[in-house]
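Everything on this sheet refers to the single structure shown next.
Within every chain, numbering begins at 1; the chains are lettered A, B, ... in the order of the sequence lines, protein sequences first and strands thereafter.
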Protein chains: 2
Amino acid sequence: MEAYTKLLFFWSINVIHARIYLRNRFRKTPENCLFSLQLVHFVQQRLFRTLNINLLNGTTIKQLAKELNLSAGSVSKALKDSHEISSETKQKVLALAAKYHYTPNPYASSLRKRKSKTIAVVLPEVADSFFSLAINGIESVAQAKGYHVLIYLSHEDFKREEQILSAFRSGRVDGILISVSEETSQADHIKEVLTAGIPVVFFDRIFDDIEAAKISTNDFEGAYEATRCLLERGCKKISFLSIAANLSITSKRVQGFQKALHDAHIGATDADVLLCSNDMEQNCRLIRQLLEQRDKPDGIIASVEKLVTPVYLVSKQLGMAIPDDLKVIGFTNLHSASILEPSLTTVTQPAFEIGKTAASVLFKGLEEKHFTLSAQTITIPSMLVERASTRGNQ
Amino acid sequence: MEAYTKLLFFWSINVIHARIYLRNRFRKTPENCLFSLQLVHFVQQRLFRTLNINLLNGTTIKQLAKELNLSAGSVSKALKDSHEISSETKQKVLALAAKYHYTPNPYASSLRKRKSKTIAVVLPEVADSFFSLAINGIESVAQAKGYHVLIYLSHEDFKREEQILSAFRSGRVDGILISVSEETSQADHIKEVLTAGIPVVFFDRIFDDIEAAKISTNDFEGAYEATRCLLERGCKKISFLSIAANLSITSKRVQGFQKALHDAHIGATDADVLLCSNDMEQNCRLIRQLLEQRDKPDGIIASVEKLVTPVYLVSKQLGMAIPDDLKVIGFTNLHSASILEPSLTTVTQPAFEIGKTAASVLFKGLEEKHFTLSAQTITIPSMLVERASTRGNQ
DNA sequence: CTGAAAGCGCTAACAG
DNA sequence: CTGTTAGCGCTTTCAG
């Protein structure tokens with residue numbers, strides 16, 4: 001019965017408080033809001049707090065300390081196996097922590113320690129298999145190291161990329177892995193984050209004129225080899241399908257392509273590089289035009305994954321036989337490359353490895369004091385896997 | 001010169017402190033650790049702190065307040081456009097905040113407000129296109145709502161899934177989106193999280209006997225339609241390739257398959273369902289066995305994406321023509337379905353939509369007090385897209 | 001070896 | 001309208 005009286009007492013107190021609160025808070029509403037939902041909610045909250053009912057939250061260090069007649073500090077130390085705690089105490093603490101499934105509040109400790117054990121991964125998109133595999137690589141390292149992974153997609157939009165990056169100045173993450181958007185042509189937003197002291201590792205789509213760690217594949221050589229392969233298989237005129245020209249991967253691949261042509265004493269013109277977009281219909285039209293013209297290519301290099309499908313589609317529509325009329329190579333990790341008809345020769349990207357390496361390098365930078373992250377520029381080779389789409393026909 | 005003296009003074013003080021500290025901290029090392037790396041590091045840190053040098057961190061509310069001759073409280077209110085702050089003050093605060101690129105420390109406010117504006121996405125894997133698209137859907141909603149997305153992969157491992165989930169009891173995330181692993185056959189780990197007050201939304205691979213929101217596709221109907229399609233195209237014996245039997249998606253798809261056979265007055269035996277694994281070589285062998293036996297099927301349904309490739313590969317190896325000798329349907333979102341030869345009839349999964357819906361429902365549950373999340377069971381229809389791999393041959 | 005105390009940056013109640 | 005105050009839960013000195 002006493003408990004009931006107590007409750008009633010609190011109730012009346014709280015109703016008074018609530019009215020004042022509500023009058024302040026929701027000015028517009030008149031005073032007769034006495035039984036509004038907000039009031040009920042407020043009183044409820046208040047009651048719980050007054051009666052010290054912890055609704056949602058897990059065990060805290062304080063509670064453990066109280067139950068063990070220890071101080072919070074000692075419990076904290078015991079939990080991290082500090083040498084200044086007796087093993088006896090440690091055991092007691094650990095036992096109780098296990099019993100209550102104690103999990104430290106990450107926000108409290110991040111606040112205090114000024115680091116969050118969290119990294120951000122900023123990607124342009126995650127539709128194709130390249131970035132999926134990269135995420136896989138990143139996540140596997142992060143999980144092993146006890147880090148958490150926040151994912152952000154820029155959707156190839158520079159404005160969004162800027163917004164995403166600018167939010168990191170708050171210290172939400174200890175480090176950033178980024179593959180820049182197609183639209184990204186300058187790196188002020190990244191420099192700002194760097195000067196705020198947050199390490200950045202570029203992967204795949206790196207940005208050359210900035211001092212930061214860069215993990216990528218050998219784009220130049222990959223394209224060079226691909227072009228060589230087509231030439232060796234008898235191609236006389238090769239077209240290179242490319243995307244956003246300002247991307248490092250694009251320009252290097254184009255360079256590799258042109259160098260290979262040059263080395264084979266074939267004049268390379270800009271007309272051999274077809275700039276594609278994100279609009280697939282548009283791309284199909286472009287490729288169709290390319291393959292319908294009089295001076296059409298007998299070899300095509302699709303420099304990113306998403307350009308493979310249009311090439312196959314259009315050549316089918318036009319009745320061109322691969323590899324007899326047209327030889328094709330794609331930069332891709334697609335599992336289905338081997339079951340395409342004909343199976344597709346690929347410059348297989350080390351996607352998982354790139355992700356894994358990027359994450360490893362970042363963690364190394366975070367954990368080892370005397371490791372200059374920005375000096376890390378690692379190139380992981382891609383692999384030319386020849387399949388039926390480039391089979392020779394002479 | 002004075003600054004130099006001051007520095008020297010601090011240096012000596014700190015060296016003394018450092019020695020004591022080090023002796024305590026690294027017991028094993030003898031006292032002659034005077035010039036160890038740890039010492040240098042310690043002194044450095046200490047110096048920075050003493051001289052009040054804030055190395056990494058951004059602007060704080062306190063700093064803004066000081067510069068504006070306001071209290072921290074008022075600045076905080078001004079920043080969130082509280083009605084109890086004059087518009088004049090607000091403007092000043094906002095201006096200064098913009099000038100200094102003030103970004104609130106998320107850990108401080110999460111700690112205080114007991115919510116993090118962060119959700120977790122727990123996935124079995126992210127190699128194929130289904131989960132990629134789902135992530136895309138989730139992220140797009142999250143970004144719009146100002147939420148952050150943590151990604152965790154269980155790698156189809158129940159133990160890991162448990163570990164991942166158990167870490168969420170600490171309040172790291174406000175809500176969880178999960179697609180369970182193949183090995184998950186009981187849901188205690190999820191119930192624990194739920195009783196800790198953290199809302200959970202299942203997507204795609206849901207778990208039936210638990211009270212939580214569930215977003216999935218019409219697995220039963222999809223399989224039913226696929227089977228019907230094969231029967232209509234003249235198949236007499238259909239095999240259903242499946243994975244881990246305890247998954248909801250698997251059992252429902254198998255049921256749809258069997259119901260369709262049953263409705264067509266064809267006896268369905270368990271032998272028609274081929275249980276595949278994660279080991280691709282193993283799967284190829286199984287499928288090969290299947291297609292080599294005397295009583296081999298003339299129709300195959302690959303109930304998950306990764307089983308499509310083996311079917312095409314093996315049938316090619318065995319010289320079986322699709323669709324003449326064997327008709328194939330796959331549950332998949334693969335872009336390349338249309339460029340396979342023959343192009344693949346698919347039960348196209350609404351992957352993006354599932355992700356988007358799951359996230360939307362979760363956010364609704366988080367933001368609207370009177371919305372019973374657990375009552376949400378939404379089914380988003382898949383779509384049978386017929387292509388060449390099931391073309392009729394009679 | 002343990003305890004007390006201060007404070008990370010922010011918010012919300014409460015007082016003026 | 002603004003200021004003061006008291007924490008959120010944890011870590012880290014520093015004192016005993």
Side-chain angles (χ1 to χ4, degrees), chain A residues 14 16-18 20-25 27 42 45-46 49-50 52 54 56-66 68-80 82-90 92-93 102-116 170-172, chain B residues 14 16-18 20-21 24-25 27 42 45-46 49-50 52 54 56-66 68-80 82-90 92-93 102-116 170-172:
Chain A
N14 283 316
I16 295 165
H17 275 161
I20 298 167
Y21 172 78
L22 286 176
R23 218 181 312 149
N24 271 331
R25 171 112 192 215
R27 298 231 147 172
F42 176 86
Q45 290 259 333
R46 181 83 186 217
R49 197 173 318 152
T50 315
N52 202 18
N54 218 343
L56 299 185
N57 298 288
T59 329
T60 68
I61 270 192
K62 235 183 189 166
Q63 289 167 32
L64 295 181
K66 199 160 85 182
L68 290 164
N69 286 321
L70 278 169
S71 72
S74 300
V75 174
S76 173
K77 284 177 209 159
L79 286 170
K80 45 193 42 178
S82 158
H83 65 261
E84 34 178 352
I85 298 290
S86 72
S87 59
E88 201 188 353
T89 314
K90 273 182 202 167
K92 276 193 281 184
V93 171
Y102 168 74
T103 329
N105 180 314
Y107 295 105
S109 77
S110 296
L111 176 59
R112 180 66 232 246
K113 294 199 292 192
R114 298 161 154 290
K115 52 166 108 171
S116 57
S170 62
R172 184 182 288 277
Chain B
N14 283 317
I16 295 166
H17 276 158
I20 299 166
Y21 172 79
N24 272 331
R25 171 112 193 215
R27 298 227 147 176
F42 175 87
Q45 290 258 335
R46 180 85 186 216
R49 198 172 319 152
T50 315
N52 200 20
N54 216 344
L56 298 185
N57 298 289
T59 328
T60 68
I61 270 193
K62 234 183 189 167
Q63 289 167 30
L64 294 181
K66 199 161 85 180
L68 290 164
N69 286 321
L70 279 168
S71 72
S74 301
V75 174
S76 172
K77 284 176 209 157
L79 287 170
K80 46 193 42 175
S82 158
H83 64 258
E84 36 178 352
I85 297 290
S86 73
S87 59
E88 201 189 352
T89 313
K90 273 183 202 168
K92 275 194 282 184
V93 171
Y102 169 73
T103 329
N105 181 314
Y107 296 105
S109 79
S110 295
L111 175 59
R112 179 66 232 245
K113 293 199 292 191
R114 297 160 156 291
K115 51 166 108 174
S116 58
S170 61
R172 184 183 288 276

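- Of the listed nucleotides (C/dG9, D/dC10, D/dT13), D/dT13 has the atom at the smallest distance from the side chain of A/E84.
- Applying the 4.0 Å criterion to OP1 and OP2 of C/dG9, one finds that B/Y102 has every side-chain N and O outside that range.
- Checking the phosphate oxygens (OP1, OP2) of D/dC8, a side-chain nitrogen or oxygen of A/K62 falls inside 4.0 Å.
- Taking A/S86 as the reference, A/E88, A/T89 meet the side-chain contact (heavy atoms from CB on, under 4.5 Å) condition, with sequence neighbours excluded.
- Nearest nucleotide to the side chain of B/R112, out of D/dC10, D/dA6, C/dC14: D/dA6.
- For A/S86 and B/I61, each mapped to the nucleotide of DNA chain C holding its nearest heavy atom, the one lying further toward the 5' end belongs to A/S86.
- For the pair A/L70 CG and C/dT2 C1', the computed distance is 8 Å after rounding to whole Å.
- Closest to the side chain of A/L111, out of D/dT12, D/dT2, C/dC8, is C/dC8.
- Of the two residues contacting DNA chain C, namely A/K90 and A/A72, the nearest-nucleotide position lying further toward the 5' end is that of A/K90.
- Using a distance-only test at 3.5 Å, with no hydrogens or angles considered, a donor-acceptor pair links the side chain of A/Y107 to the main chain of B/R172.
- A/S76 comes within contact range of at least one nucleobase, with a heavy-atom separation under 4.0 Å.
- Partners of B/K77 under the salt bridge (Lys or Arg N to Asp or Glu O under 4.0 Å) rule, at least two apart in sequence or in another chain, do not exist in this structure.
- Toward the 5' end of DNA chain D, the nearer of the two residues A/S74 and B/I85, judged by each one's closest nucleotide, is B/I85.
- You'll find that the side chain of B/K80 is closest to C/dT11, out of C/dC8, C/dT11, D/dT2.
- Taking the screw axis at each terminus of the helix from C/dC1-D/dG16 to C/dG16-D/dC1 from five consecutive base pairs, the angle between the two is 50° to within rounding of 10 degrees.
- For A/P104, taking side-chain heavy atoms from C-beta onward, the closest of the listed nucleotides C/dT11, D/dG3, D/dC10 is D/dC10.
- Taking side-chain N and O atoms only, B/R114 has a distance below 4.0 Å to OP1 or OP2 of D/dG9.
- For C/dT2, one of the phosphate oxygens OP1 or OP2 lies less than 4.0 angstrom from a side-chain nitrogen or oxygen of A/T89.
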